[in-house]
Amino acid sequence: MDSLRELYQEVILDHGKNPRNFNTPDDPTNKALGNNPLCGDQLTVYLKVNSGVVEDVAFIGRGCAISIASASMMTEFIKGKSEDEIKQIFNKFHEMCTEDASDKSTIEELEKLQVLSGVREFPTRVKCATLPWHTLLAALAGEKEVTTE
Amino acid sequence: MMSLRTDEHEKHTFNVDKVRKDFPIFKECMNGQPLVFLDTAASAQKPNQVIDSIRDIYQTEYANVHRGLYKISEALTAKYEGVREIISDYINTEHTTEIVFTRNATESINLVARSFGTAFLKENDEIILSELEHHANIVPWQMLRDEIGVIIKVAPINDEGEIIMYEFEKLLCNRTKLVAISHMSNVLGSILPVKEITRLSQAVGAKVLIDGCQAITHLPVDVQEIGCDFYVFSGHKLYGPSGVGVLYAREELLEIMPPFMGGGDMISSVTFEESTWAKIPHKFEAGTPAIVQVIGLGVAIEYLKSLGLEDIRKYEKTILDYATQKLLDIEGLRLIGTAEDKASVLSFTLDFAHAHDIATIIDSSGVAVRAGHHCAQPLMNRMNVAATVRASLGLYNTEEDIDRLVSSLHNVNEIFN
Ligand SMILES: Cc1ncc(COP(=O)(O)O)c(C=O)c1O
């Protein structure tokens, strides 16, 4: 029950139920569809990129509390950041979700996103947390669709 | 007479506590809790009888089959071939040679698509599937379509998860050459009227393949009574080992179908100019088969028979009814699949939590269920759900298992509400 509480923290449940930036913008410059074929979760990330900076971001989709919360928090976190910054954040986020001994200082930079570190205890759920990020990277790279393996 | 009847009665009274002792997995814990296993539709647990037989063979009887001119190879070959008789008897085929061993049901369907499909179907011939098929009974036909241009038609189901027979009949015509359909849905538990489907299909000249993966575990199967041309299932869902599947096909079809794979065991003679095929069923069993797994499957079937097949089914029905009642009492729970004729599968959603969150939370209480699309995405779309939780029953499940499922679902409620 403890690691469950750790996974399903208030913040996550809140973002899962009331996702932020959950809409379809009119004029995205980039967008990509992310699929998790294992569970059928699907989401679309929309970006407005201007000179390498993500000026606006939104998403829609369906999924579990973890994937929706992760997407919602991601959109809040990356707004205004450059592509390079986002790639670095992704790497750290991925490390936090998958590596046991990921180093504290790295994680601290992830600020609010740290609440998602609970997925580490649930290997089958890591992809739920990372799906929005993979989709985001695909959108930045100009790819239309990404599938978690 | 009286005492005789009591004996009969005693012999066939299903005792679940005793049965559970045959399954060593139930001594195990999951996340610190005694295991509640509700995922038999994915794969069943194995009784000691099966596990021991496998170990015994490797320890004292093992050799390749059909090859060795020595005692233990001969003996094991006889045992291996003997399983054909056990299965032939279990599903009541006319001939033992109508049983082909494959790796699993998926391979059995692919065998029919590759061999029967490419040899006897042609462009614009029609194949009818249903909306509730497992991907294993969709994708091989799509591959065949892409190769030779057959047309796939899909028979719809209603909101309860039953095939709509008059819609199915409308699809039948003289272009229909094959109907490939489940006997029982792995997601909804619905049992399809396969005898009627077969009769109607054959009346327009179509062959009928039945995917019996789920039905074989929960229903009596009599292929002659159904009248189908092909019937497929996997051993691992029938309390047998993984790695062995079965294709039943009527003898005259097996005779004219070309081999599926080439190699040893499936030939009668080979020169570099040409080879001739072995007799059926061996024509379809290239290479060293899953010897030990096949024998293990035979043991599993004998085990089920010793418990009394009718009694197992009656018992499973009581647990299904109990579970249905208990689940329906939960607020916000929607049962997906409410066919009048159904068995052993309960798919559901909760309106306050996603299927994956539910599965993770109840896993920590030791309850194993499946969550997701269950390899039936078209069916999920039809039922307007992205994912469901599926609790599926085996002969070892008890009312207590259901109570533990229900109380673990209350934990989900606690976390989410
Ligand atoms: C209805 C149905 N068809 C086909 C299959 C495929 O079985 P296997 O993976 O053993 O080949 C399954 C099992 O998941 C099933 O439930």
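Proteins come first, then strands; the chains are lettered A, B, ... in the order of their sequence lines, and each starts at number 1.
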*Which value, rounded to the nearest 0.5 Å, describes the distance between B:Thr360 atom OG1 and A:Leu7 atom CG?*
7.0 Å
*asked:* Can you confirm whether A:Lys79 is buried at NZ, in the sense that more than 12 heavy atoms of other residues, nucleotides or ligands lie under 6.0 Å from that atom?
replied: yes
_Interatomic spacing from CD in A:Gln9 to CD1 in B:Ile415 - rounded to 0.5 Å_ = 11.5 Å
*Specify the closest pair of heavy atoms between A:Ala65 and B:Asp357, including all atoms of both residues, with the distance to one decimal.*
N-OD2, 2.6 Å
_More than 12 heavy atoms of other groups within 6.0 Å of A:Lys81 NZ_ = yes
*asked:* I need the minimum non-hydrogen distance between A:Arg125 and B:His356, along with the two atoms involved.
replied: NH1-O, 3.0 Å
_Heavy atoms of other groups near B:Asn417 CG, more than 12 under 6.0 Å_ = yes
*Drop me the distance from A:Leu4's CG to B:Ile362's CD1, to the nearest 0.5 angstrom.*
11.0 Å
*Interatomic distance, B:Ile361 atom CD1 to A:Tyr8 atom OH [nearest 0.5 angstrom]*: 4.5 Å
*Contacting moiety of A:Ile66, where chain B heavy atoms sit under 4.5 Å*: both
*Give a yes or no on this: more than 12 heavy atoms of other residues, nucleotides or ligands lie within 6.0 Å of atom NZ of A:Lys17.*
yes
*When rounded to the nearest 0.5 angstrom, what distance separates OG in A:Ser67 from NE2 in B:His354?*
6.5 Å
*Counting only heavy atoms closer than 4.5 Å, note whether B:Phe352 contacts chain A via side chain, backbone, both or neither.*
neither
